[in-house]
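Below, chain A is the first sequence line, B the second, and so on; all start at residue 1.
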There are 2 protein chains.
Amino acid sequence: MRVVGGLAEGHVTLRDVAERAGVHPATASRALNPETRALVKGATAQRVLRAARSLDYQPNPMARSLKTRRSHTVGMLIPDLTNPLFPPIVRGVEDRLAAAGYVALVGNTDNDEDRARLVLDRMRARHVDGFIMAIAHRSDTLLDRAARARIPIVLVNRVVESNVFPSVSVDNRAGTAMVVAHLAGLGHRRIACVAGPQDLSTGFGRYRGFLEGMAAAGLEVDPSQVVFAESFSQAEGLRCTRELLAAGLGATAVVAANDMLALGVYAALEEAGLRCPADVSVVGFNDMPFIDRLRPPLTSVRFPHYEVGTEAAQLMLERLSHRTSPVKVLYLAPELVVRGSTEPPPAPAAGRQARGRQGTRARRLRAVTSPAS
Amino acid sequence: MRVVGGLAEGHVTLRDVAERAGVHPATASRALNPETRALVKGATAQRVLRAARSLDYQPNPMARSLKTRRSHTVGMLIPDLTNPLFPPIVRGVEDRLAAAGYVALVGNTDNDEDRARLVLDRMRARHVDGFIMAIAHRSDTLLDRAARARIPIVLVNRVVESNVFPSVSVDNRAGTAMVVAHLAGLGHRRIACVAGPQDLSTGFGRYRGFLEGMAAAGLEVDPSQVVFAESFSQAEGLRCTRELLAAGLGATAVVAANDMLALGVYAALEEAGLRCPADVSVVGFNDMPFIDRLRPPLTSVRFPHYEVGTEAAQLMLERLSHRTSPVKVLYLAPELVVRGSTEPPPAPAAGRQARGRQGTRARRLRAVTSPAS
DNA sequence: TTGTAGGCGTTATCAC
DNA sequence: GTGATAACGCCTACAA
């Protein structure tokens, strides 16, 4: 420990501990490592451990990694940390990894294929032991790249058809089916859908859930009442709903593929002079923070974000300890959170229903002629 | 590179590059390192670089760290990543660090002194080159601990009186003063304050800004119209506003020390049957995501979160390259974002003003007798 | 059960 | 300019 005038300079090394305990560094190493402690006599092991504690010995992870070729570091790729979806997932991952002595290196890809490749390479250079990928693009060149390097991979919110990677996802399909069942239960018969991008597994799964939910409720899907957003954004929600309105909104409820789209739906309805939920019910997906503070508070599907993170980390840790364990594909059940944006459809009585729809049409026309923003 | 049947196995090392270029590993090392490249003849350097590129050589950071005792890693301590305040800051830090070949290790302390110490020790064990601390507690044992280890420190949103650490903060004082000026400009004369915890520098600075703003506008501070929250939470905002109401809300505007508190103010006003902004204007601080989607959209002070992160990383990088650079204390100017929650006080005309206040009092009594939640 | 020796991949410090 | 050599701190055959 390079003792200088009784003061500890720099870091305490294994040699210092060994010296203090009066043993050879190799013995100290064995005593300190739980895996090999059995090889050393109980008494000596105790002496070494005491010495280590008294010197506040911390093994140097670089030296250890250099030898063992494991960095105790896991790379985590996400699109963007400032998207409120990800912080809870990241925290879940970090907490679970930390408990096992690992740390996460988080990289933001901004949904950019090239940036993702760059981040991935950087992390490979840092010798991460594995990758947790929460990026949703279906193109698989990245996965190939990592898989070829024989680095363990865990997918988050993304399932590859061949099921060769362990993954943790929320059950998007089941969640959206629940949403439709909820609306059908309220009495809605004509339900529109602002679907997400179909090249993202979330968008795809939720759309499938919509179709299945409609079928299960014995309802027909009107093709003119389904619009596909090109991204999960307010702007796209607004655009899609305008399209719905332009096609003649025959629906009394709109299922949005996520909360951001739902915000756009709100905006479009407001613009068209339609009230939510009195005229149209709206449902989102994700239960984002503060979504309960909107007017009206948005009915949404809660996503166990944090648990998705801890489970993903858990799968990674399993993969890192026994490489042979079978591939697990885990789905976490979502939960429907009913708030003020859904209620029974307007005017169940025939006469009032007719009036209601008449009113809707009139407003629609106004909406169509309003300038696009 | 352990060439086996023409296929690259495992990792390419410096030796492989040297061999390929026909030079000694030491020379290859010098050629590859920009700092020492000048020591090598141009032609040889070129040969080495070509060899490295053709083999796709990636230096092993562990081996390098072991030798240089620098991990190119910076520890970042934050209270909680799921607090929407932090993701943009963290991203700013990560982006700026990444551009310089560093990575951030993020640790969540949950505002817990012990956890913070634990995280800090773990990071020290991983040999981080520096700490960026975005934890706001005023107690300084942690700083001492890190400073004693002679590890560079940069503070975020926190200034130590002695100014011994570089820091980046938003100018809380100026921001709140701006808020008061805005309200005074609208005609408000009696302004209440839901202040933050005074042991946090944010809470302290904003309260000072409130006092200065009032003084600057020539307004008096009514002590009964200032309540101190014990934490930056909706619940505390609610509690404090109830206290304000119980004391007889003489004010026509409430300045909350952050947006979470402002949400609590909204709730309390609603509970008391008071309308915002018709009866009472409300201002928050931070401009959190989606705060513009509230009813009414909250007037708030925008905090250049991302830039705080990049600047903090910048200060750290400067510190890491020239240890001797002078300590910089940086304040970033906030921006007032005026939305629907502020408007001129009700009833400028004498008669209507009296009616208005009468109404307020009646509602207040109802509020006081309502059960606490 | 413990000690010895060599090496993980890199860089710093010598020589040449 | 370049090559040789010795670390950095730890782990692990192998020998004793």
Measure from [atom1] on [X] to [atom2] on [N] and round the result to the nearest Å.
X	N	atom1	atom2	result
Arg70(B)	dT11(C)	CZ	P	13 Å
Glu19(B)	dG9(C)	CD	P	13 Å
His72(B)	dT10(C)	NE2	P	14 Å
Asn33(A)	dC11(D)	CG	C1'	9 Å
Leu32(A)	dC11(D)	CG	P	8 Å
Asn60(B)	dT10(C)	CG	P	6 Å
Arg30(B)	dG1(D)	CZ	P	11 Å
Arg15(B)	dG7(C)	CZ	P	9 Å

With respect to the phosphate group of [N], does any side-chain polar atom (N or O) of [X] fall under 4.0 Å of OP1 or OP2?
X	N	result
Thr68(A)	dC11(D)	no
Thr27(B)	dG3(D)	yes
Arg64(B)	dC8(D)	no
Thr44(A)	dT2(C)	yes
Tyr57(A)	dG9(D)	no
Ser29(B)	dT11(C)	yes

Counting N and O atoms only, with roles assigned by atom type, does the side chain of [X] sit under 3.5 Å from a partner on the main chain of [Y], one being a donor and the other an acceptor?
X	Y	value
Arg30(B)	Arg37(B)	no
Arg70(A)	Leu320(A)	yes
Asp16(B)	Thr13(B)	yes
Arg47(A)	Ala21(A)	yes

Inset, instruction - Answer with base, sugar-phosphate or nothing: what part of the nucleic acid does Pro59(A) contact at a heavy-atom distance below 4.0 Å? - result: sugar-phosphate

Inset, instruction - With heavy atoms under 4.0 Å as the rule, sort Leu39(B) into base, sugar-phosphate or nothing. - result: base

Legend entry - Whichever of Ala26(B) and Arg69(B) has its nearest DNA chain D nucleotide further upstream toward 5': Ala26(B)

Inset, instruction - Between Ala38(B) and Leu66(B), just flag the one whose closest nucleotide in DNA chain D comes earlier from the 5' side. - result: Ala38(B)

Legend entry - Heavy-atom donor-acceptor pair, Lys67(B) side-chain to dA12(C) base, under 3.5 Å: no

Legend entry - Closest to side chain of His24(B), choosing from dG9(D), dT11(C), dT5(D): dT5(D)

Legend entry - Glu19(A) atom CD, over 12 foreign heavy atoms within 6.0 Å: no

